[in-house]
Every structure is written in structure tokens, then in C-alpha cells.
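Report on one structure; see the data block that follows.
Reminder, nothing fancy here: chain letters follow the sequence lines and each chain counts from 1.
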Amino acid sequence: MSEEKEVVSEALKAEEKLRSKWYVLSLEGDLKPLEEFDFTGHEKLKKFADYEVKKSRIVDQEPPHVSLMRSLELVDYEPASDPGNMRYYPKGRLIKALLEEYVTGMVLDYGGMDVETPIMYDMAHPTLAKYLNRFPARQYTIESDDDKYFLRFAACFGQFLMSHDATISYRNLPMRIYELTRYSFRREQRGELAGLRRLRAFTMPDVHALCRDLAQAKREFRRRFKLSRDVLRGIGFSSDDYELGIRVTEDFYRRNRRFIRSLVRMHGKPALVEMWRERFFYFILKWEFNFVDALDKASALSTDQIDVENGERYGITYMDEDGQLKNPLILHCSPSGAIERDIYALLEKAYMEMKEGKPPMLPLWLAPTQVRLIPVSEGHVEAAERVARRLSRSRIRADVDDRDETVPKKIRDAEKEWIPYIIVLGEREVGAEKIPVRARADGEIRKMSIRELVAEIRRQVRGKPYRPLPLPMRVQRRPKFVG
RNA sequence: GCCCCGGUAGCUCAGAGGCCAGAGCGGCAGCCUUGUAAGCUGUUGAUCGCGGGUUCGAAUCCCGCCCGGGGCUCCA
């Protein structure tokens, strides 16, 4: 790892003198200066705006998701690595893998072509050197013999270089290329790192779309806006959970008002707009869905941009109808945002619900254990295991607490793990058609058959990827990774 | 990167210059044979983040480093 003076990109320097004007764009299409907007009924948007504009960051606390990610044995710091590079325990890896598979599936349905590209690039490569200067990020650098490389901070490099070498016709556009980057690296400043909210190595689904012209780019942009919304919904977020931020140059806004309003209408809530007099970056329009956490901090999840520079910079061309080689516009989208950040948001959301008196939960399709079987005593362990195996055959993650503990203790531990369904199995249940199932969501115990339970769970996880139990079925066989 | 706060057993924390560093949880062993959020007893467990210094004496004071949190700044 190089310890030479930090390479600060021109974009980062430009950003320092960047002046923005802030507005709120309403559903009706009114663009109001921030201070004139009435935030009644839009409290989260207010928090987002305060965070972005007033830079009000008065909190002096560890974000709540940090203790959760550890106590649930999902993710942890890895002191032997660089800060912001995490370790994932089996349950955390399961959740992350399911999210990765889900987002990837959604992007493939949208038409993304899945590719894989290197994670490190030559710093001396002329095109890349120029691009580095247009992207507001800090890199990790690696020396190998006399050569110097940087670790990618997004999938752009690989996909653009690939596109440069491809023969592309206007008939191929929009051309959608996708990679789930594991990892993207950004050497964020030490104090910027926070739990899963901001990392130095993160997993980002990154889908680009090469577009013929602005009209096509705008159509595609809207599709991807919907894709992102659907992806977040599938993960477990409704539009109540995030705020739309739009960054745009004055010029582009003036010429494309109706288009920008249409984004706000799709979102269904007013949006914060940051307007730049000049274009500092490679894009003319960008939006993000921003999650506002338990400490009123905002961070971007999904995002998309219209890039007007890199088609030319990378020498990406397509043959147009008129026989002319032209540079495409490029859209840069992460439909879910970083996977780690999705987990952060899920945990923060659960924490906020807990504060409201609701039981904190993860979406059922992400719960590491979906059904916990609790044998009343040793003699019921085998019966419990039979039920668990039956559920597993129906692609439900079920396990058995075979420890020599009392029933109340095992219930308590299952609740502390946020397990959605708990079944106590004793004399009364062995061989019975209907057995009592305790549901975490409402705390009720309902009698149902296994078949009914299977149907109820499968209905809730329909369309979502599945992975088997990430740990041994018997709880006693499991190591304790934390505490 | 800079500034502020913190790091004591696997986990959560007490101890703030003076005898062998404590508790709860966990782990292990035994008892109990358990019925919807903690059964009982015993036992194990600590280079006090790391390295240097001050002192008769350092977990405690000083310096450097590492890790975490917060801020500046920034973003997925």
C-alpha cells in the first residue's frame, strides 16, 4: 500500500468551491426556495434538507445499527484490516447474499447484461487518469513492482473499457451493463466511516445504460427510477422510509422541467433539489433516494445519473442510423445503493420501530431463522427436528433449540434473535394436527397446521430468493461469534 | 487527513496512583425435566488495546501508535 501524498481528484477540489441553490419541488410542480417551503407533514424531508443544507450534525452517539449488527451476529469490524472493511458472520453473509441475489435478479429482469471486471486498474492509463479527476472520491492505491494501481470505486471503469472495445449499433441502445461490485473501494476519511453506513469497501450493484440521445436517456431514466423504487420496496422500504434528492444544473432544469416533475410525481412526495449554476461533474442530472436514520442522518441508497462526458472520454461510440459514429449518453445507476447500506437501513428502521414500541424485525425473507422449534424437554428434540426438516423441504429456514434450558429461556433467546415464528413442541403437540405458533409480528399464538404455516410463510416470501439455514440446524452445535 | 471522546474477561460494564483487578451475562460441569421473554449451584475466564516513559509503586499520570465513536468534509 502506497504511503505517498494523497491523490486528491480535481472533482474533490472543485466541490470545495461549489455553490448550490436549494429548493423543494412539490408534487404540483412548484419549485420553492427551501426557506419558503412549509414542511408540515414532511418531517423526514425536513430532516434530510437540514442534513444536506444546514449540515446539522449535532449527534454525538454511535448509530443504533452498530450494536444491532453485532448482537444479531451479522457483521463486525475487522481490526486486522483497514477501517471500514468488515467481516460477515454466517447470518450476516446470508442476509447480504440474499440481497445481492435479489437486486441482481431485478436488474436482469430489467435487461441488464451481467459482466465481471477487474477490481484494480493502472493509474497511468490515460483515460482512467482523466476520469479519476472527475470523480469525487479517494482511492486505495497498490504498488506492484514499478507499477501503481488503484482499486475501483465503482464498476464504471471496467464497463466503460469493455464498451469502448465493443461494436455498438444504435439498434443495440439502450445498452444495459451490470455488475455487482464486490467490492467497490473508496478510501473515505477516517471520521466519515460509521458502522455499515459508510465503509471503505462496499458491495454496489452498478448498472450503466448507454443511450442514443437525451430523449432515449430520459425514457430509460424513468424506467430505472421505477426499478429502483421496486427494488427498495422488495427489500422492505416504502416511500415513507426515504426522501428524493435531485441534483441538477440550472440549464438542464430549465429545459427539462416536465421531465423532472415526472420523477417527483413517481416518487409521490416533494423532493429536495440542489441546483448548480455550472456543471462541476460529469453529470447534468442525478437523483438519490435518501434514507433518514434514527439519528436524523441522511444517506443515499438508490441513485441514477445522466453522464454527458464519459462516452467521449472513454471513446465509447455507436454507429447511428445516419452512418456517423457518435458518443452515447451514459446513465449510472445503483438500484439499491450499497448492499451494506441496505442492511444498515433495515437495522436502523427496525430500531426506530422498536422505539415506537413495536417488535424490531427483519423482512421475513431475510430472517436467518424463520421458524424456531423449541422442544419442551430432551425427549421432544427428535420430533422438533422432524418438523424442522419438513419445513426445510419447503424452503423455509427452520432450526431447533436443543439446548438444556427451560422453555421460557429458549423463547426469550429466540425473541432476542428476532425470529419471526416460534413453535414450542411438547407432549401436547407431538402428532397433533394443529400446533400453537407464536408470531413475533403481533405477539399472538395461533393454532395452525404445518401446512398452513408453510403457506403463510411462502406467501410472504414469494418472488424473493432463498438460501438454506446458514448455521447447523441444532442450536447447540453453533459457535458463538459475538459475546 | 485534522480536532474531540473512548478502549478493563468472549460480551456489557464497575474500579480513577497503593495489598493477589471486580460483577452480570456467556462458556464448562452438575442438579432440575422444563409449557410461551432469564430455574438453581459450582466453576472457568483479564499480556487492564499495543509500545515506550514518569514513579518506591501505573489499569489509573505523560508520549507515540492501533481500533472504535463523534465532528470537519463526503457519499453508495
Using a 4.0 Å heavy-atom cut-off across all strands, classify [X] as base, sugar-phosphate, or nothing.
| X | result |
| --- | --- |
| A/G337 | sugar-phosphate |
| A/R247 | nothing |
| A/Y77 | sugar-phosphate |
| A/S334 | nothing |
| A/G379 | nothing |
| A/A414 | nothing |
| A/E444 | nothing |
| A/R428 | base |
| A/V407 | sugar-phosphate |
| A/E288 | nothing |
| A/D206 | nothing |
| A/L193 | sugar-phosphate |

For [X] and [N], is the shortest distance between a side-chain N/O and OP1 or OP2 below 4.0 Å?
| X | N | result |
| --- | --- | --- |
| A/T406 | B/G39 | yes |
| A/R70 | B/U12 | yes |
| A/K416 | B/C11 | no |
| A/K297 | B/G71 | yes |
| A/R372 | B/U36 | no |
| A/R438 | B/A37 | yes |
| A/Y183 | B/A76 | no |
| A/K286 | B/A76 | yes |

- [ ] Confirm from the modelled atom types if A/E188 and B/G1 form a donor-acceptor pair under 3.5 Å, side chain to base only.
- [x] no
May I have the distance from [X] (atom [atom1]) to [N] (atom [atom2]), rounded to whole angstrom?
| X | N | atom1 | atom2 | result |
| --- | --- | --- | --- | --- |
| A/E378 | B/G35 | CD | P | 15 Å |
| A/E62 | B/G70 | CD | P | 7 Å |
| A/D413 | B/U36 | CG | P | 16 Å |
| A/E405 | B/A37 | CD | P | 16 Å |
| A/K410 | B/C32 | NZ | C1' | 13 Å |
| A/I445 | B/G35 | CD1 | C1' | 10 Å |
| A/R200 | B/A76 | CZ | C1' | 16 Å |

Exercise for the section: Ignoring hydrogens and angles, tell me if any N or O in the side chain of A/S449 forms a donor-acceptor pair with the backbone of A/E452 under 3.5 Å. Expected result: yes
Quick check: does any side chain N or O of A/E179 sit under 3.5 Å from a backbone N or O of A/T117, one acting as donor and the other as acceptor? yes
Comparing A/F481 with A/A298, nearest RNA chain B nucleotide closer to 5' gives the residue A/F481
By nearest-nucleotide position on RNA chain B, the 5'-leaning member of A/S377 and A/I422 is A/S377
Is NZ or CZ of A/K297 both nearer than 6.0 Å to the six-membered ring centre of A/Y51 and within 45° of the ring axis?
no
Regarding the side chain of A/Y51, the nearest nucleotide among B/U36, B/C75, B/G68 is B/C75
Of the listed B/G70, B/C75, B/G27, the closest approach to the A/P63 side chain comes from B/G70
Under 30°, 30 to 60°, or over 60°: which ring-plane class applies to A/H267 and A/F289, parallel, tilted or perpendicular?
parallel
### Query
Between A/Y121 and A/F150, how do the two ring planes meet: parallel, tilted or perpendicular, split at 30° and 60°?
tilted
(Q) Could you tell me how far B/G1 sits from B/A23 if I compare only their P atoms? Round to whole Å. (A) 41 Å
Can you tell me the base-pairing partner of [N]? Count Watson-Crick or G-U wobble geometry only, both distances below 3.5 Å, and say none if there is no partner.
| N | answer |
| --- | --- |
| B/G1 | B/C72 |
| B/G64 | B/C50 |
| B/G24 | B/C11 |
| B/G45 | none |

Fill in: Atom CD of A/E378 with >12 non-hydrogen neighbours under 6.0 angstrom
no
Exercise. So does A/R277 have more than 12 non-hydrogen atoms from other groups sitting under 6.0 Å from CZ?
Worked result: no
Less than 6.0 Å separating the ring centroids of A/F48 and A/Y242? no
